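Values in this document were obtained by computation on a predicted structure and should not be read as measured data. Sequential numbering from 1 along the given sequence is applied to the chain's residues.
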Amino acid sequence: MNIVILAGLLITFATGLPVLLQILKNHPRGLIILFFAEAWERFSYYGMRGLLVFFLTQHFLFDDARAGSTYGSYTSLVYLLPLLGGILADRFIGTRKAVAFGALLLVAGHGMMAYEGRESTQTLTYAGQSYEIQAEGRGAARDVGIVVDGQKYAFGGGEGGGLAITDLPASAPLPQTLAPGSYQLTTDTDQLGLNVFYLALSLIIMGVGFLKPNISTIVGQLYPQGDPRRDSGFTLYYYGINLGSFWAAILCGYLGQNFGWQYGFGLAGLGMAAGFVVFVLGKKHLLGKAEPHNPELLKKPFIGPLNREWLIYIGGILGVIPVYFLIQNNAIVGTALSLSTVASLAFIAWIVAVACKTWAERQRMMLAVVLIVGAVIFWTLFEQAGSSLNLFADRNVDLTLFPQAVQAFGLTFGTPAQLAAAGLQPGAGWIDTTMTSSQTQSFNSGFILIFAPIFAALWAGLGRRKMDPDPTMKFGLGLLQVGLGFMVVVWGAGMANSAFQMPIILLGLLYMLHTTGELFVSPVGLSEITKLSLPAVVSFMMAVWFLASSIAQFVGGIIAGFAGTETVGGEVLDPGLALRTSLDVFEKLGWAGIAAGVVFILLSFVIKGWSNGANDASNHPGPTLTDGGKEDGNIAAPQTSTPG
């Protein structure tokens, strides 16, 4: 039994039961369906995301800058496309149909990710002669060397740069140290495998575009405006999101780096298929709150025999083609992102100036924009997890959980190498303490499983006592924590060992602070957007909330490139330089987060009244949502009056 899997089981059982009881006892039945559907969807997404940067750098042999920009393009498009999916759901097909269609695209995309293709190879050319860079394995077991005269030699960074070959004989046709610029690297890539990879990512991007904003919107639709259970419900729903991502990092990371990329990606695809089944079977528990506003118009022929619904589905599939080209062009993604941002802000300005009929409505919409700006800053820092922090864990963190094999309580703890060194044989009582770098992605979601129920109870308790901090204050505190998380590893730089690796406990503390910061921002932001937005544009505003993440992902991908270092055959030449470069970038991010947090805390005292009672149930006399509450079997969302 792997120790990370064992710890995952213990955390899940300890935290999952009270969450399940809270949902079943105090919340609409539809929440449990959305909880499990989103858990499986996040399992697929984070299972693939946790392996992605390693797949790019070790399988396709992308350098760090290209891997960072590709990762940034992919993740920014993942959060940009919900703008389209939110609008189409609002105006035409309804949130349930949008989620189901998105899930099918995701199943197809994740299924294609299981195809690896041929591993890329690299050749070093020096003085007109070519030498093969031979790489085998993945993660910590990866073995990379240069083949000279039929013999494989290890290499590393030379003094002052370049490449130094270990134990190369004096009679070899090239020197032991190759100066910077004296050699060239050529990469031979399987184009079919790369094209299948990009197509798979494109299907996933389009699928998330239809699914992501709308499943969160359905959660909001289950509660009447002003319902005090809403914040608690979103936090419990957020537990489900992270239950999926927690097990994705543990299982997909374990399989992908130990047995083969296709096993990790394939398991992620199976998770998405399970999410689709759960959502379809649980339709009745959504109480008709996620159906199209005008089903008759949707079914009416629009172009020839095709109605609007089928045109949207066909358009979604054809839309995969431009996404396929966009994901390979980071600059074009940046331009598209800029245009989408300008268009969204212009539309929000029109909503504030024209659609909002009262000053209270305008202030609520403006508060929503302030929170979205805070989200951009927060996620830019936080989302280094899948790129620069993932590579940092692989290269500059000591993933050894025990210094040597130990026996206790009738069990043996240690890695296979530690057991061999101690002369111990693995048996039925062996707990394998091997941890892969991608499994460190489970830290964030694992901490959320522990803290989410506590925060849900905290917000509910403070709300009953009218002591709940306003959302801007919560965002400020969240930004402070994400900044301090980076400073933990910066301040702990002196604890690095001779291999330039830092203790894993520091990475764990970083993720713990990032997690508590996230719980001040993400579920609160999701809930506030549904409460502050005008009912007619709530899905659009939810999509803009994800647009904030898209901007952050794009900028974060660029930042991750700055944290990168030179690699050959996917292997870092100079671990010391890699550590210094990463810590320099993390220090800048840390101080930026702390400064932004202070600004938001001060701002909260100025704009704390802009919610105008959006969190007060007494100001929203709309209908109460119950399990039996349907009107003609077809209600898209509860309509409530807004105070003048």
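- Rounding to the nearest 0.5 angstrom, the gap separating the OG1 atom in Thr57 from the CZ atom in Arg66 is 12.0 Å.
- Taking the side chain as every heavy atom from C-beta outward, Leu389 and Phe586 approach each other to under 4.5 Å.
- Glu136 places no side-chain N or O within 3.5 Å of a backbone atom of Asp143 that could act as its donor or acceptor partner.
- Among residues two or more places apart in sequence or in another chain, the ring-ring contact (aromatic ring centres under 6.0 Å, His included) test is passed with Phe562 by none.
- Judged purely by distance below 3.5 Å, without hydrogens or angles, the side chains of Tyr46 and Asn242 never pair a donor atom with an acceptor atom.
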List the atom pairs, with distances to 0.1 Å, where a side-chain N or O of residues 366-382 and a protein N or O form a donor-acceptor pair under 3.5 Å, not counting sequence neighbours.
residue : atom : partner : partner atom : Å
Thr380  : OG1  : Val376  : O            : 2.7

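- For Arg49, the salt bridge (charged side-chain N to carboxylate O under 4.0 Å, His left out) test picks out Glu383, with sequence neighbours left out.
- At distances below 3.5 Å, at least one donor-acceptor pair connects side-chain atoms of Ser445 with backbone N or O atoms of Phe246.
- For Thr189 and Thr187, the side-chain atoms include no donor-acceptor pair closer than 3.5 Å.
- Heavy atoms of other residues, nucleotides or ligands lying less than 6.0 angstrom from CZ of Arg91 number 12 at most.
- Taking the six-membered ring for Trp and the full ring otherwise, the centers of Tyr126 and Tyr183 sit at least 6.0 Å from each other.
- The minimum heavy-atom distance between Leu77 and Val333, with the atom names listed, is CD1-CG2, 4.1 Å.
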#### Entry: Evaluation steps, side chain to side chain contact (heavy atoms under 4.5 Å, CB included), between Leu163 and Leu124
CA-CA 11 Å; Leu163 186 147; Leu124 182 146; 4.1 Å; yes
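- Rounding to the nearest 0.5 Å gives a distance of 13.5 Å between OH of Tyr74 and OG of Ser387.
- Between Val544 and Phe347 the shortest side-chain heavy-atom distance does not fall below 4.5 Å.
- In the displayed structure, Trp591 atom CH2 is contacted under 6.0 Å by at most 12 heavy atoms of other residues, nucleotides or ligands.
- In this structure Asp584 satisfies the side chain to side chain donor-acceptor pair (under 3.5 Å) test together with Lys588, sequence neighbours excluded.
- Aromatic ring centres of Phe265 and Phe55 lie closer together than 6.0 Å.
- Among all heavy-atom pairs drawn from Thr436 and Gly253, the shortest one is OG1-O, 3.7 Å.
- When all heavy atoms are compared, the tightest approach of Asp398 to Ile504 is O-CB, 3.5 Å.
- In the displayed structure, Gln184 atom CD is contacted under 6.0 Å by at most 12 heavy atoms of other residues, nucleotides or ligands.
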#### Entry: Residue pair Phe540, Ile348: steps toward the side chain to side chain contact (heavy atoms under 4.5 Å, CB included) verdict
CA-CA 10 Å; Phe540 168 75; Ile348 291 172; 4.0 Å; yes
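- Here the side chains of Ile133 and Leu61 are not in contact, with every heavy-atom distance at 4.5 Å or above.
- Between Gln501 and Val397, the closest side-chain pair of non-hydrogen atoms is not below 4.5 Å.
- Taking the six-membered ring where tryptophan is involved, the planes of Phe60 and Phe197 are tilted, since the angle between them lies from 30° to 60°.
- Among all heavy-atom pairs drawn from Leu579 and Met502, the shortest one is CD1-SD, 3.9 Å.
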### Task
Would you please test Tyr198 and Phe325 for side chain to side chain contact (heavy atoms under 4.5 Å, CB included) and show each step?
CA-CA 8 Å; Tyr198 283 133; Phe325 291 103; over 6 Å; no
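- Partners of Phe475 under the ring-ring contact (aromatic ring centres under 6.0 Å, His included) rule, at least two apart in sequence or in another chain, do not exist in this structure.
- A donor-acceptor pair is defined here as one N or O able to donate and one able to accept, closer than 3.5 Å; no such pair exists between the side chain of Asp574 and the backbone of Gly161.
- Taken from CG in Leu519 to CD1 in Ile448, the straight-line distance is 5.0 Å, to the nearest 0.5 Å.
- Scored by the side chain to side chain donor-acceptor pair (under 3.5 Å) test, Tyr263 finds no partners at all (sequence neighbours excluded).
- When side chains are defined from C-beta on, Met272 counts as touching Glu41, because their heavy atoms get closer than 4.5 Å.
- Legend: residues meeting side chain to side chain donor-acceptor pair (under 3.5 Å) with Thr516, ordered by chain and number and at least two apart, are Gln481.
- Listed by chain and residue number, Asp64, Leu391, Thr565, Thr567, Val572 satisfy the side-chain contact (heavy atoms from CB on, under 4.5 Å) test with Arg395 (two or more places apart in sequence, or in another chain).
- Rounding to the nearest 0.5 Å places CD of Gln328 at 8.5 Å from OG1 of Thr70.
- Closest heavy-atom contact between Leu484 and Ile594: CD2-CD1, 3.9 Å.
- Without hydrogens or angle criteria, Arg138 side chain to Gln58 main chain gives no donor-acceptor distance under 3.5 Å.
- Taking 4.5 Å as the limit, some side-chain heavy atom of Leu573 sits within range of a side-chain heavy atom of Phe155.
- Residues passing the ring-ring contact (aromatic ring centres under 6.0 Å, His included) test with Trp40, sequence neighbours excluded: Phe43.
- Atom CG of Leu81 sits about 9.0 Å away from atom CG of Leu326, to the nearest 0.5 Å.
- Contacts of Phe520 classified as ring-ring contact (aromatic ring centres under 6.0 Å, His included), with partners at least two apart in sequence or in another chain: Phe455, Trp459.
- Put simply, the side chain of Asn329 never gets that close to the backbone of Ile332: no donor and acceptor are under 3.5 Å apart.
- Here the closest heavy-atom approach between residue Phe210 and residue Gly316 is recorded as CE1-CA, 4.2 Å.
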Identify every side-chain donor-acceptor pair in residues 549-561 under 3.5 Å, counting partners at least two apart or on other chains, and give the distances.
residue : atom : partner : partner atom : Å
Ser550  : OG   : Ser76   : O            : 2.4
Gln553  : OE1  : Thr75   : OG1          : 3.1

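- Side-chain contact between Ser437 and Leu399 is present, with at least one heavy-atom pair separated by less than 4.5 Å.
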Side-chain donor-acceptor pairs under 3.5 Å in residues 104-119, sequence neighbours left out?
residue : atom : partner : partner atom : Å
His110  : NE2  : Ser44   : OG           : 3.3
Glu116  : OE2  : Trp261  : N            : 3.0
Glu116  : OE2  : Gln262  : N            : 2.9

#### Entry: side chain to side chain contact (heavy atoms under 4.5 Å, CB included) between Leu339 and Thr335, worked out
CA-CA 6 Å; Leu339 293 174; Thr335 302; 4.3 Å; yes
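- A heavy-atom distance below 4.5 Å is not found between the side chains of Gln439 and Gln257.
- Taken to the nearest 0.5 Å, the CD1 atom of Ile241 stands 7.0 Å off from the CZ atom of Arg42.
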